[in-house]
Protein chains: 2
Amino acid sequence: MNFDDKVPIYYQIKTVIYDRIIAGELAPGEKLPAVRQLAVSLTVNVNTVQRALREMIEEGVVTSQRGRGNFVTTDTNVIETLRQDLITRNLKQLYERLHRLNIDDQEIINELVTYIERRARQNESNGKN
Amino acid sequence: MNFDDKVPIYYQIKTVIYDRIIAGELAPGEKLPAVRQLAVSLTVNVNTVQRALREMIEEGVVTSQRGRGNFVTTDTNVIETLRQDLITRNLKQLYERLHRLNIDDQEIINELVTYIERRARQNESNGKN
DNA sequence: TATAGTGTAATAGGAAGCTAATACACTAGG
DNA sequence: CCTAGTGTATTAGCTTCCTATTACACTATA
């Protein structure tokens, strides 16, 4: 994987797994890949994967069954809460950062719209070739 | 200061100083606070401040004059580039994250607008009391 | 020219994160 | 019962970040 060297790897692993759960790619109750398998596919040590799992288990998003595997919680409320928190946290992060740069509310929205439009155009022209 | 324990402190210091430069609170050519002063006000070691400054100097945003102080570059192009990069980087970060959560373009914009509106309402009701 | 204010460098020590390696505990299935 | 697949724990060693401390280099000015 492509890790940001400014953030602990175990934390980034937690992030990508949470993202997959929230996106529905890992359904409630579904079995996660085995820790050793995850370690290989992420090119990372088993202990690092375990560190990420430990926190996900503590937070009730994953349940662990020794000898069987790790499973996504079946409690959809937990997942929905996670989803909302994550969205809000990311919006807040963008908002406060741009605000510190003296960019006001309307400008922040404009910047995002422009960014998305530019991106759409670029995808389009890439698709043509 | 209030540091995020997931990101190196020196990197966060760089961030806040860049933000102040971009926001215009630190004008081109202006003298930065002395390293020892910064260390005290950030409750951090001088070497940590120096580490942040070293990178800002390497990137041409700050110039250093031994015995005199550190100064914001007078090259406004550098600052403008910094500003644009920073905005784009943050928009990209939000966009790609929400996209990974299966939220499409229009929804991303809606989420941001809603967030800003909610925030405005809360500020208003706080102001009343 | 002395002194206060500034940047810079270097050392030592501690904490956190990561890797590597090994071992142990439990489950499912032949 | 044995074995393969799984989670968990422990130890040792390395690197990065941070702190504390001391020292040195340069500038401005009284």
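Chain letters run A, B, ... following the sequence lines, proteins first and then strands; every chain starts at 1.
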Residues two or more places apart in sequence or in another chain: which of them pass ring-ring contact (aromatic ring centres under 6.0 Å, His included) with A/Tyr10? none
According to a strict under-4.0 Å criterion, is A/Thr48 in side-chain N/O contact with OP1 or OP2 of C/dT19? yes
Roughly how many Å is it from CD in A/Gln12 to P in C/dG17, rounded to a whole number?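 Atom CD in A/Gln12 sits about 13 Å away from atom P in C/dG17.
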Residue-phosphate contact under 4.0 Å: B/Arg51 side-chain N/O, D/dC17 OP1/OP2: yes
Side chain A/Asn45 and base C/dA21 donor-acceptor under 3.5 Å: no
D/dT8 phosphate, OP1 or OP2: any side-chain N/O from A/Ser64 under 4.0 angstrom?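 So the side-chain polar atoms of A/Ser64 do come within 4.0 Å of the phosphate oxygens OP1 or OP2 of D/dT8, strictly under.
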Answer yes or no: are there more than 12 heavy-atom neighbours, outside A/Lys92 itself, under 6.0 Å from its atom NZ? no
If you take any heavy atom closer than 4.0 Å to DNA chain D, which residues from residues 1-9 of chain A end up in contact? none
Is there a side-chain polar atom (N or O) of B/Asn70 under 4.0 Å from OP1 or OP2 of C/dT6?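 Looking at the OP1 and OP2 atoms of C/dT6, neither is under 4.0 Å from any side-chain N or O of B/Asn70.
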If I take atom CZ in residue A/Arg36 and atom P in nucleotide D/dA9, what distance separates them, rounded to the nearest angstrom? 13 Å
Any side-chain to backbone donor/acceptor pair from A/Thr43 onto A/Ala39? Under 3.5 Å, distance only. no
Would you mind telling me which residue lines up with the more 5' stretch of DNA chain C, A/Tyr10 or B/Leu53, judged by nearest nucleotide? B/Leu53
A/Glu58 CD to D/dG7 P, in whole Å, measures 17 Å
Distance check needed: D/dA4 C1' versus A/Arg66 CZ, whole Å only. 17 Å
Starting at CG of A/Asn47 and ending at C1' of C/dA16, how long is that distance when rounded to a whole Å?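 Taking CG of A/Asn47 and C1' of C/dA16, I get 14 Å after rounding.
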Need to verify one output field. Residue with the more 5' nearest nucleotide on DNA chain C, A/Tyr11 or A/Arg68?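 Looking at the nearest nucleotide for each, A/Tyr11 comes out on the 5' side.
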Go through D/dG7, D/dT21, C/dG7 for me and flag the one nearest to the A/Ala34 side chain.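 Closest of the options to the side chain of A/Ala34: D/dG7.
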Starting at CG of B/Leu38 and ending at C1' of D/dC18, how long is that distance when rounded to a whole Å? 17 Å
Can any side-chain N or O of B/Glu117 pair as donor or acceptor with the backbone N or O of B/Thr114 at less than 3.5 Å? no
Measure from CE on A/Met56 to P on D/dG7 and round the result to the nearest Å.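 One finds 11 Å between P of D/dG7 and CE of A/Met56, rounded.
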Okay, side chain of A/Ser41, backbone of A/Leu38: is any donor-acceptor separation there less than 3.5 Å? yes
5′-ward residue of the pair A/Arg54/A/Gly67 relative to DNA chain D: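 That would be A/Gly67.
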Is the side chain of A/Thr48 donor-acceptor paired with the backbone N or O of A/Val44 at a distance under 3.5 Å, no angle test?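 No; zero donor-acceptor contacts below 3.5 Å.
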What is the distance, rounded to the nearest whole Å, between atom CD of B/Gln50 and atom P of D/dC18? 14 Å
Measure from the side-chain N and O atoms of A/Gln12 to the backbone N and O of A/Val7, and report whether any donor-acceptor pair falls under 3.5 Å.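 Checked: pair present.
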